[in-house]
Chemist: 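Quick one: structure below, then a few questions.
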Amino acid sequence: MKYNFLEIEKKWQEFWKTNKTYNVGFSSKPKLYVLDMFPYPSGAGLHVGHPLGYIASDIYSRFKRHNGFNVLHPQGYDSFGLPAEQYAIKTGQHPKKTTLENINMYRNQLDRIGFSFDWSREIRTSDPDYYKWTQWIFILMFNSYYCSIENKAKSIENLISLFDNEGGEKYKDELLDMGYSFNQLEWNNFNTKEKSEILMNFRLAYLTNGEVNWCEDLGTVLANDEIINGVSERGGYPVTKRKVKHWCLRISKYSERLLKGLDKIDWPDPLKEMQRNWIGKSKGVSLTFQVENSNKSIEVFTTRPDTIFGVSFLTIAPEYEDISYLSSNDNKLDIKEYINEVSKKSERDRLSDIKTVSGVFSGSYAIHPLNGKKLPIWISDYVLASYGTGAVMGVPAGDQRDFDFAKKFKIDIPNIFKDIDISNGAFSDKTGFKLINSEFLDGKDYNDSLELIINKIENENIGKSKIQYKLRDATFSRQRYWGEPIPIYYKDGVPKNISLNDLPLKLPEVDNFLPTKNGDSPLGNSKAWAWNEKDKKVISNDKINDIDTFPIELNTMPGWAGSSWYFHRYMDPSNNEEFVSKDSMNYWSDIDVYFGGSEHATGHLLYSRFYQKFLYDLDFLNKDEYAKKLVNQGMILGNSAFIYRKSGTLEYLSKNLISDIKTDKVRIDIKYVDSENKVDIEILKKMDKDFKDSLFVLEDDKFICVREQEKMSKSKFNVVNPDEICNQYGADTLRMYEMFLGPIEQSKPWDTRGISGVHSFLKKFWNLFFNEGEINLSDTEPSKEELKSLHKTIKKVSEDIEKLSLNTCISSFMICINELSSMNCNNRLILKDLVILISPFAPHFAEELWSQIGNSQSIVEETYPKYEEKYLVESEKVYPVSFNGKTKFTLNLSLDLNIQEIEKEVLSHEKTKSILNNNNPKKIIIVPGKIINIVI
RNA sequence: GCUCGAGUGGUGGAAUUGGUAGACACGUUGGACUUAAAAUCCAAUGAGCAGUAAUGUUCGUGCGGGUUCAAGUCCCGCCUCGAGUACCA
């Protein structure tokens with residue numbers, strides 16, 4: 001029988017489907033939850049890079065299933081959000097339609113690879129039964145606040161009853177920071193709107209009117225992690241600052257816990273480091289500077305209070321709130337112009353313009369809290385409004401930015417470092433200096449002065465120690481159509497949530513779902529988008545002036561709202577009463593291994609940890625981290641092909657062939673390039689009749705291509721479709737080859753040529769079972785060599801899967817099959833174990849052979865072979881014999897020999913004698929079972 | 001700039017955590033089978049030098065030092081590439 005992979009794979013995929021082989025439920029077996037980050041169905045379909053992580057997780061899941069675990073291994077779709085909507089807009093279709101089509105396409109492609117997903121648990125974030133719970137969590141956040149005393153989220157009702165009974169006393173400091181102060185009587189005299197405004201400062205999901213990242217081309221607001229290098233992550237469009245009323249999640253309250261939690265999870269260090277940097281904790285001091293001739297003051301944050309006597313000016317951000325108060329009449333016009341100019345700049349311009357120092361003098365002065373000197377207050381965009389207090393103390397001697405600023409605007413640069421030359425730049429090291437011109441700190445170094453100055457600052461009550469985080473609250477509103485509606489309506493201007501019983505608040509039908517440049521949300525186009533409080537349902541906008549009917553929030557949620565908690569829903573996907581039942585939560589608990597890309601480090605992987613901690617605080621979950629272990633699979637790089645223009649020719653443009661016209665090379669779709677890296681002239685002419693071949697370098701009527709490795713992407717014309725590989729070699733070959741390419745976490749280039757090695761390995765394996773087309777197995781006792789080869793492989797493969805070192809597993813399979821082939825092994829006991837052994841890697845292949853050798857049950861629950869030490873015990877060792885560390889020859893000796901006996905054997909060996917040449921060795925090192933080294 | 005990570009044959013990558021560097025595969029070369037091709041199988045394959053040959057010998061894990069009987073692996077100092085981040089006070 002031939003290895004007919006097409007037939008076999010089809011047969012077993014159907015078998016698994018009809019027999020629901022991979023569906024799981026509660027069980028007395030130990031649980032294991034293995035998850036892949038779910039895909040967003042994009043329209044381009046899968047390329048061979050996508051399934052890399054899925055294959056690894058599938059092998060791991062199947063292996064664990066063979067080892068007696070009840071494995072939850074689900075899959076679904078992140079089907080709301082920008083990617084899905086962008087594709088719909090590009091193709092001019094409704095996102096609902098394209099999303100469905102894309103999901104079907106993905107499913108077909110996934111099914112061909114033979115994954116062990118439990119599809120009965122599939123979820124889609126755009127499904128109302130799913131997003132009902134996404135909305136519910138939002139409402140929970142809206143109705144919660146972060147209790148700084150207990151350090152956890154609590155119901156806002158607690159806070160309200162506290163204010164009702166005691167006023168604001170317990171939260172005095174926090175309220176003062178917000179600009180409030182009230183006792184019980186005063187609180188109770190506030191009206192609904194006033195109370196709502198105060199509480200809004202506490203809610204974990206809150207409405208605010210502030211600066212956001214606005215992307216005009218996408219027509220929406222973006223969160224910080226959705227912006228890369230000042231442009232939008234999706235599409236690369238410019239981003240500017242804009243003041244917009246929007247919803248935010250108060251993730252910043254969780255900064256410390258998000259940071260600490262990293263220590264107890266087994267996630268890749270680089271990824272944890274990225275999250276740490278993103279959270280950006282820094283310890284310092286906040287200092288108050290009085291404004292001259294005024295009762296106002298400016299608070300600054302500094303990590304270098306030791307340099308306080310080097311302050312020669314203060315700088316505030318252009319967005320600083322008290323700015324008009326500080327502006328003197330003489331400078332008002334200049335200041336206005338400067339602020340205007342800054343606000344027009346896009347994020348990218350501001351970044352690329354880093355070297356240009358700009359600013360304007362406010363006209364006011366502050367007083368140095370320790371030496372009483374007059375300090376000019378400047379306004380500059382090198383100070384960020386969103387970090388710290390939006391104001392800094394300028395220490396030109398100790399900070400390069402302050403130095404550049406002072407130099408440009410001819411501000412005093414006092415030196416505070418003994419014998420250090422600061423004429424060309426600031427000295428910002430924390431070591432190697434002694435202070436001068438610093439009164440009581442003179443002669444002290446960093447550590448000594450730090451303690452003294454902090455004591456002084458706190459004693460004199462001019463500031464206090466403070467911990468500052470970079471992490472900012474997450475912008476939650478999107479002015480887009482394809483997302484979860486925010487379940488809020490506005491009753492007399494006060495936001496109210498729709499209650500759980502009335503969810504989901506379904507996305508309305510609209511005539512036009514396109515985003516607008518001015519930021520109006522497409523939901524505004526809906527004719528029925530008003531909430532009737534009495535009937536608890538959405539009704540026509542015409543009724544909006546009726547009693548009990550109010551406008552509903554027009555913005556939708558960001559893409560990450562649905563993906564921040566989806567892993568819980570797989571545990572209990574069709575529960576209509578709870579987002580996940582207590583039983584399911586207690587049994588499946590958390591993810592044991594989570595596979596996904598590191599590009600989500602500061603997005604999904606941070607937001608989801610925040611959601612987890614929040615739901616944990618409210619006792620909905622039993623763990624405050626949701627994934628014990630995370631594996632970042634690397635990218636598979638594609639081969640891009642280019643043909644080069646002859647030098648001196650004019651630029652050639654073609655819509656069909658060329659995507660890279662700015663350089664002297666022209667991108668060619670890789671599928672037209674032959675194995676000699678050439679592309680046929682006729683193909684290009686067929687693609688584009690205007691193609692001017694005279695402009696390019698030719699050889700034998702073919703164009704010479706140059707290959708470069710890049711990320712695989714449809715727009716780069718370098719994708720390899722897994723379907724094609726499945727057609728040509730089969731899914732099992734694809735699965736094994738992807739693993740064979742290299743370590744899972746590494747980026748590596750795809751090279752289709754290499755696949756033949758894995759394919760012929762499978763054929764070789766297959767052929768061990770057959771003789772002239774018939775199954776032909778021997779039922780005798782296996783030989784010692786056969787058993788050794790098998791058990792060596794069992795040991796290596798079991799250990800390596802556990803370590804997720806899957807590339808080396810494939811190697812050991814190859815070694816084993818090579819050995820067995822040369823022994824002409826057809827022993828049933830040996831081959832039976834090998835079939836189970838390879839079944840996680842090549843499941844169709846294994847099922848077929850399993851049934852061929854007479855089994856009627858599926859192989860997936862079969863117990864994985866255990867290796868037995870006794871087959872591996874060696875009695876002899878081939879010792880490498882080195883002289884001064886260089887191996888000269890090998891010597892086969894019994895492992896029973898002790899050091900003295902080995903030494904005797906080695907020294908009496910003729911080669912040793914000839915190398916020693918009658919000299920005595922200085923030293924002989926013998927490590928039994930390992931090496932022999934003779935020093936001469 | 002800062003913070004991580006990585007540099008091993010023509011290529012992808014192995015190497016029991018200090019113990020025979022280059023497993024396994026691709027590619028290449030030669031051979032067998034075939035009218036031929038594909039498929040399959042066999043052999044060689046880090047570089048150099050000497051030899052008809054078996055073999056011997058030198059160099060070799062980015063570069064320069066060090067520790068050690070022994071270093072791809074540990075330590076110090078550089079170089080290059082990749083990723084993340086970016087006026088964070």
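In what follows, chains are A, B, ... by sequence order, proteins preceding strands, each numbered from 1. Computed over heavy atoms, backbone and side chain alike; hydrogens, waters and symmetry mates excluded.
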Chemist: Establish, yes or no, whether a centroid distance under 6.0 Å links the rings of A/Y382 and A/F405.
Modeler: yes

Chemist: Check the distance between B/C4's C1' and A/E745's CD and give it to me in whole angstrom.
Modeler: 15 Å

Chemist: Between B/G12, B/A89, B/U3, which one does the side chain of A/E273 approach most closely?
Modeler: B/U3

Chemist: Would you say the ring centroid of A/F889 lies under 6.0 angstrom from that of A/H909?
Modeler: yes

Chemist: For atom P, what is the distance between B/G27 and B/C78, given to the nearest Å?
Modeler: 43 Å

Chemist: When you get a sec, tell me which of B/C69, B/A86, B/C87 is the closest nucleotide to the side chain of A/Y382?
Modeler: B/C87

Chemist: Identify, with sequence neighbours excluded, every residue that meets side chain to side chain donor-acceptor pair (under 3.5 Å) alongside A/K788.
Modeler: A/E874

Chemist: Taking the minimum atom-to-atom distance to the side chain of A/Y387, which one of B/U3, B/U58, B/A89 wins?
Modeler: B/A89

Chemist: Taking only the C1' atom of each, what is the distance from B/U57 to B/U3 in whole angstrom?
Modeler: 48 Å

Chemist: Can you tell me, in whole Å, how much space there is between the C1' of B/A44 and that of B/G10?
Modeler: 16 Å

Chemist: Is B/G12 syn or anti, taking syn as a glycosidic angle within 90° of 0?
Modeler: anti

Chemist: Rounding to the closest angstrom, what is the interatomic distance between B/C26 and B/G9 at atom C1'?
Modeler: 13 Å

Chemist: Applying side chain to side chain donor-acceptor pair (under 3.5 Å), name anything that partners A/S760, two or more places apart in sequence or on another chain.
Modeler: none

Chemist: Can we say A/D404 and A/K407 salt-bridge, meaning some charged N sits less than 4.0 Å from an Asp/Glu carboxylate O?
Modeler: no

Chemist: When you measure from the side-chain N and O atoms of A/S747 to the phosphate of B/G82, is any distance below 4.0 Å, counting only OP1 and OP2?
Modeler: no

Chemist: Can you tell me how far P of B/G12 sits from CD of A/E738, to the nearest Å?
Modeler: 18 Å

Chemist: Assuming nearest nucleotide by heavy-atom distance, tell me which of A/R472 and A/K796 is located more 5' along RNA chain B.
Modeler: A/K796

Chemist: Can you check whether A/F813 and A/F765 have ring centres sitting under 6.0 Å from each other?
Modeler: no

Chemist: Are any non-hydrogen side-chain atoms of A/F301 and A/Y387 less than 4.5 angstrom apart?
Modeler: yes

Chemist: How about A/N718 and A/K711: does a side-chain donor come under 3.5 Å of a side-chain acceptor?
Modeler: no

Chemist: Rounded to whole Å, how long is the line connecting atom CG of A/D269 with atom P of B/A6?
Modeler: 10 Å

Chemist: For A/K886 and B/C69, give me the distance from atom NZ to atom P, rounded to whole Å.
Modeler: 17 Å

Chemist: What does the B/S/- profile of nucleotides 19-30 of chain B look like, 5' to 3', with a 4.0 Å heavy-atom cutoff to protein?
Modeler: BB--BBSS----

Chemist: Please tell me which of A/K923 and A/T389 maps to the more 5' nucleotide of RNA chain B, matching each residue to the nucleotide holding its nearest heavy atom.
Modeler: A/K923

Chemist: Indicate whether OP1 or OP2 belonging to B/A6 is found under 4.0 Å from a side-chain N or O atom of A/Q746.
Modeler: no

Chemist: May I ask you to say what A/K763 touches in the nucleic acid, namely base, sugar-phosphate or nothing, with a heavy-atom cut-off under 4.0 Å?
Modeler: sugar-phosphate

Chemist: I need the full list of salt bridge (charged side-chain N to carboxylate O under 4.0 Å, His left out) pairs touching residues 877-891 of chain A, with sequence neighbours left out, sorted by first then second residue.
Modeler: none

Chemist: Expressed in whole Å, how much space separates the C1' atoms belonging to B/U16 and B/U34?
Modeler: 46 Å

Chemist: Taking B/A43 as the reference, what is the distance to B/G48 when you measure between their C1' atoms (whole Å, please)?
Modeler: 23 Å

Chemist: Verify the distance criterion only: is there a donor paired with an acceptor across the side chains of A/D412 and A/S312 at less than 3.5 Å?
Modeler: no

Chemist: Remember a base hit wins even if backbone is also touched, and classify A/Q468 as base, sugar-phosphate or nothing at under 4.0 Å, heavy atoms.
Modeler: nothing

Chemist: Measuring from the side chain of A/K748 (C-beta onward, heavy atoms only), which nucleotide among B/A89, B/C69, B/G13 has the closest atom?
Modeler: B/G13

Chemist: Please report whether the ring centroid of A/F409 lies less than 6.0 Å from that of A/F313.
Modeler: no

Chemist: Within this structure, what is the CD-to-C1' distance between A/Q633 and B/G5, rounded to whole angstrom?
Modeler: 17 Å

Chemist: Looking only at atom P, what distance separates B/A25 and B/A14, rounded to whole Å?
Modeler: 15 Å

Chemist: Would you kindly give the CD-to-P distance between A/E599 and B/U85, to the nearest whole Å?
Modeler: 11 Å

Chemist: Dot-bracket for RNA chain B, please. Rules: Watson-Crick or G-U, both distances under 3.5 Å, ( ) within the strand, [ ] when a pair crosses earlier ones, | for another strand, . otherwise.
Modeler: (((((((..(((......[....)))((((((.......))))))(((((....)))))..(((((..]....))))))))))))....

Chemist: Work out how far the P atom of B/G64 is from that of B/C59, and round it to whole angstrom.
Modeler: 14 Å

Chemist: Can we say A/R276 and A/E273 salt-bridge, meaning some charged N sits less than 4.0 Å from an Asp/Glu carboxylate O?
Modeler: yes

Chemist: Could you tell me how far apart A/L52 (CG) and B/G12 (P) are, to the nearest whole angstrom?
Modeler: 17 Å

Chemist: Does any part of the side chain of A/Y879, heavy atoms only, come nearer than 4.5 Å to the side chain of A/I931, both counted from C-beta?
Modeler: no

Chemist: Is the phosphate of B/C87, meaning OP1 or OP2, less than 4.0 Å from a side-chain N or O of A/K470?
Modeler: no

Chemist: Is the positively charged end of A/K281 above the ring of A/Y469, judged by distance under 6.0 angstrom from the centroid and angle within 45° of the axis?
Modeler: no

Chemist: Rounded to whole Å, how long is the line connecting atom CG of A/L637 with atom P of B/G82?
Modeler: 12 Å

Chemist: Return the residues of residues 298-306 of chain A meeting this criterion: a heavy atom under 4.0 Å from some atom of RNA chain B. Order them by number, or give none.
Modeler: A/F301, A/T302, A/T303

